[in-house]
Amino acid sequence: MPAIIIPEGVSEVLLHACCAPCSSAIVEWMLEHGVKPVIFYFNPNIYPLDEYTIRKEESKRHADTLGLRWIDGDYDHESWCGVVRGLENEPERGKRCQKCFEMRLRATAEKAAELGIRAFTTTLASSRWKSIEQIFQAGMKAQQEVEGTLFWAQNWRKGGLYERRNVLLRQFNFYNQKYCGCEYSISNVNRI
């Protein structure tokens, strides 16, 4: 089983969270290993607004249950649409996803710098819907663009965390979505 390695000197991390189910096992692991996560919910890709609201409230409920700081990154779906304009017909794990990750992880790096938290990572790297290579590429790009930040490039599917996620999903009775989040991913669910 591959080890999860904490970057040297990291005791606090800004965790970009896409949803409560994906963040649950990661947060648990961090707390058990002396890393304090601050949860940053920034997901302007999620559509429709009702879906966004459900996922947001579940993420906040999870953080509140654990007494963790939770930050709302606000919802600006129009800006996200502008970022992916022209890529609407791309397949899942295509160019549209890359642009989406870049937008969200750049915002995470900027928030980390604003808060004085050096390291940032993302729960996107726990999702079976996503390309880990694209996520790491977007995270490293954000690290390069935002001075003083460090992207913790970790495959959060490993080390039994994906299986633990499923246990915690039932334990917390989380809402569990069936698609990535954007309107273009809804029709691709069964093709991944």
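A quick note: this is a predicted structure, and the numbers were derived from the prediction, not measured.
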- Message: Run the side-chain contact (heavy atoms from CB on, under 4.5 Å) test on Thr149 and Arg118 for me, step by step, so that the C-alpha distance in whole Å, both residues' side-chain angles and the decisive distance to 0.1 Å come before the verdict.
- Response: CA-CA 5 Å; Thr149 62; Arg118 181 172 154 257; 5.9 Å; no
- Query: For the atom pair CG (Leu161) and OG1 (Thr123), what is the distance rounded to the nearest 0.5 Å?
  - Reply: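 Reported value, rounded in 0.5 Å steps: 12.0 Å.
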- Query: So how far is it from Gln143 CD to Lys141 NZ, rounded to the nearest 0.5 Å?
  - Reply: 14.0 Å
- Message: I want to check something: taking the side chain as every heavy atom from C-beta on, are Phe151 and Phe136 in contact at a cut-off of under 4.5 Å?
- Response: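 Contact flag for Phe151/Phe136 side chains = yes.
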[X] with [Y]: basic N within carboxylate O range, under 4.0 Å:
X      : Y      : value
Arg55  : Glu58  : no
Glu57  : Arg61  : no
Lys111 : Glu114 : yes

- Message: Quick test of your reading: applying ring-ring contact (aromatic ring centres under 6.0 Å, His included), list the pairs with at least one residue in residues 85-110, sequence neighbours left out, ordered by first then second residue.
- Response: none
Indicate the atoms forming the closest heavy-atom contact of [X] with [Y], along with that distance.
X      : Y      : result
Ile132 : Arg157 : N-NH2, 4.0 Å
Ser23  : Leu15  : CB-CD2, 4.4 Å
Leu31  : Pro37  : CD2-CD, 3.7 Å

For [X], give me all partners under salt bridge (Lys or Arg N to Asp or Glu O under 4.0 Å), at least two apart in sequence or on another chain.
X     : result
Glu88 : none
Lys99 : none
Asp50 : none

- His77: what forms a side-chain hydrogen bond (donor to acceptor under 3.5 Å, both in side chains) with it, not counting sequence neighbours? Glu183
- Task: Might you work through the ring-ring contact (aromatic ring centres under 6.0 Å, His included) test for Phe120 and His16, ending with a clear yes or no?
- Result: CA-CA 7 Å; Phe120 69 99; His16 168 260; 9.6 Å; no
- Determine the interplanar angle of the Trp152 and Trp156 rings, folded into 0 to 90°, and report it as parallel if under 30°, tilted if 30 to 60°, perpendicular if over 60°. perpendicular
- Within a reach of under 6.0 Å around CD of Gln171, are more than 12 heavy atoms found that belong to other residues, nucleotides or ligands? yes
- Message: Under a 3.5 Å threshold, yes or no: a donor from one side chain and an acceptor from the other, between Asn176 and Arg165?
- Response: yes
- Determine yes or no for a side-chain-to-main-chain donor-acceptor pair under 3.5 angstrom, with Asp76 supplying the side chain and Ser79 the backbone.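 Yes; at least one donor-acceptor contact below 3.5 Å.
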- Partners of Lys56 by side chain to side chain contact (heavy atoms under 4.5 Å, CB included), sequence neighbours excluded?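 Partners of Lys56 under the side chain to side chain contact (heavy atoms under 4.5 Å, CB included) test: Tyr41, Tyr52, Trp70, Asp72.
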